[in-house]
Amino acid sequence: MFDTLSDKLELVFKKLRGQGVMTEDNIKEALREVRLVLLEADVNFKVVRDFVERVREQAVGSQVLQSLSPGQQVIKIVHDELVALMGGGEENGLDLAAKPPVAIMMVGLQGAGKTTSCGKLARFLKGQRRRPLLVPADVYRPAAIEQLKTLGRQLGIETFDSRADQDPVEICRSAIRYAELNGLDTVILDTAGRHQIDDYLMNELVRIRDEVEPREILFVADAMTGQEAVNVASGFNEQLEISGVVLTKLDGDAKGGAALSIRAVTGKPVKFVGLGEKLDALEVFHADRLVSRILG
Ligand code: GDP
């Protein structure tokens, strides 16, 4: 993951690292290269422009130029700004501090990894001693209901017995009631996806949101789709006001653009990353760890 991005930045940094004396021109040249590398990694154009400008402002400061290791200082500035870009070191965990049952609504396009992420999240929460209920609410693709029920069985986690002939809003309402009656504290709603955003889907998601008032609305984004994932995230955020993002398929050969720009474009934090098809392949997102992986 991010191998190309990582290798290319390493090349830029190699030149910088050894520099004993540095001028503004050296810095500009290095930042031009950083800019190209980020654009090639499919990072949003505006995000790259603002990022490079912030690094430049700090790097041309006289203290950096006159320090004993100006190259190292510039690298540190790039590192810190990348971490800041992705949300900094702040705690971006789930906010589930409410009277149970609390609802987590998972939304996103078809194929992004929503159903898989519901299973992973349920497993994660079970590990934190919560009692989750998985709720299949995608009635348009009957296979999706079965898929979640199968995941539930594998994980030993209860799955609500939805049927494809039910109204999704009604399913979610009944599932919350069921959780209340059965002492389950966290309800994970697997909503319908589409190949693209459409009004019908959005209306349904808004109706579910208004009915169950979820504590978290997590947009599931496929990192492999790069800037497209960022655009779709913005669309969902405008209509639904998401609370965070689960970025899937970071184990693949995603160029990194989505991971680097989704926070800056949507203003919403990446809370989890998916690193494989298996149910334990979910990690809490830490911007600093990802940057360290990228910068080596
Ligand atoms: P949904 O349509 O959004 O519910 O998507 P699914 O959960 O059915 O996932 C679509 C495909 O992506 C499946 O083949 C999953 O195994 C795969 N998938 C989901 N998350 C990840 C991930 O983090 N890494 C990889 N490599 N594959 C994933």
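Because only heavy atoms are used, hydrogens play no part in the values below, and waters and symmetry mates are left out as well, while side chains stay in. Whatever order the structure lists ligands and atoms in, that order sets their numbers, starting from 1.
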Open item on the list: Under 4.0 Å, heavy-atom basis, I'd like to know which part of Asp138 is in contact with ligand 1: side chain, backbone, both or neither.
Closed with: neither
- [ ] Check each atom of ligand 1 against the heavy atoms of Leu109 and keep those under 4.0 Å away; list them by number with element.
- [x] 3 (O)
Open item on the list: I'd like to check which ligand 1 atoms, numbered from 1 as shown, lie under 4.0 Å from a non-hydrogen atom of Gly274.
Closed with: 23 (O)
TODO: With heavy atoms only and a cut-off of under 4.0 Å, state how Met106 meets ligand 1: side chain, backbone, both or neither.
DONE: neither
Open item on the list: Please compare Lys114, Arg194, Gln147, Glu277 and report which has the shortest non-hydrogen distance to atom 3 (O) of ligand 1.
Closed with: Lys114
Open item on the list: Given Met224, Lys249, Lys278, identify the one with the heavy atom nearest to atom 18 (N) of ligand 1.
Closed with: Lys249
TODO: Report yes if the distance between the aromatic ring centroids of Phe285 and Phe272 is under 6.0 Å, otherwise no.
DONE: no
Open item on the list: Once you restrict to heavy atoms under 4.0 Å, what part of Asp251 touches ligand 1? Side chain, backbone, both or neither.
Closed with: side chain
Task: Which segment of Lys120 sits under 4.0 Å of ligand 1 when only heavy atoms are counted - done: side chain
Open item on the list: Give the atom numbers and elements of ligand 1 that come within less than 4.0 Å of a heavy atom of Thr115.
Closed with: 1 (P), 4 (O), 7 (O)
Task: Leu250, any N or O under 3.5 Å of ligand 1 N or O - done: no
TODO: Below 4.0 angstrom from a heavy atom of Arg141, which ligand 1 atoms are there? Numbered from 1 as shown, please.
DONE: 2 (O)
